[in-house]
Amino acid sequence: MVIDAVSGKLAKSIPAGHTAVGPAVTPDGARLYVCNRFDNNVAVIALKTGEVAFVPATREPFAAAVTPDGESVFVAG
């Protein structure tokens, strides 16, 4: 869910996946990575546009971390 920080109201909803956990944002705030534990993938969400792409994961990803330079994402499963 995207919440308007001023009004506190729901601005929009971006579907991530089943059992979405372990969110990680890139240092520049451009992308959000969300682990979809039971879909066995990671949602890559472009925060400006709301576009979502899915990257397969081996098994039940539950945590993600982005490197300080934003070049790599590590996922634990």
* To do: Not counting sequence neighbours, which residues clear salt bridge (Lys or Arg N to Asp or Glu O under 4.0 Å) with Arg31? List them please.
  =>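 So Arg31 forms no salt bridge (Lys or Arg N to Asp or Glu O under 4.0 Å) with any residue.
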* Asked: Quick one: salt bridge (Lys or Arg N to Asp or Glu O under 4.0 Å) partners of Glu60, sequence neighbours excluded?
  ->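 Listed in chain order: Arg37.
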* Asked: Would one find more than 12 heavy atoms of other residues, nucleotides or ligands at under 6.0 Å from atom CZ of Phe38?
  ->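 Yes.
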Should side-chain heavy atoms under 4.5 Å link Ile, Leu, Val, Met, Phe, Trp and Tyr, which residues sit in the same cluster as [X]?
X     : result
Val55 : Tyr33, Val42, Val44, Val66, Val73, Val75
Val6  : none
Ile45 : Val2, Ile14, Val25, Leu32, Val34, Leu47, Val52, Phe54
Ile3  : Met1, Leu10

Closest heavy-atom pair and its distance - [X], [Y]:
X     : Y     : value
Ala64 : Ala24 : O-CB, 3.6 Å
Cys35 : Gly22 : SG-O, 4.1 Å
Asn36 : Ala16 : ND2-O, 3.1 Å
Lys12 : Lys48 : NZ-O, 4.5 Å

* Asked: If only atom types and distance count, is the side chain of Thr67 paired as donor or acceptor with the main-chain N or O of Ser72 below 3.5 Å?
  ->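 Here the side-chain-to-backbone pair exists.
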* Do any N or O atoms from the side chain of Asp39 and from the backbone of His18 form a donor-acceptor pair under 3.5 angstrom? ->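 Side chain of Asp39 to backbone of His18, a donor-acceptor pair under 3.5 Å: yes, one is there.
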* Asked: When rounded to the nearest 0.5 angstrom, what is the spacing between OG1 in Thr58 and CG in Asn41?
  ->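 The CG atom of Asn41 is 11.5 Å from OG1 of Thr58, to the nearest 0.5 Å.
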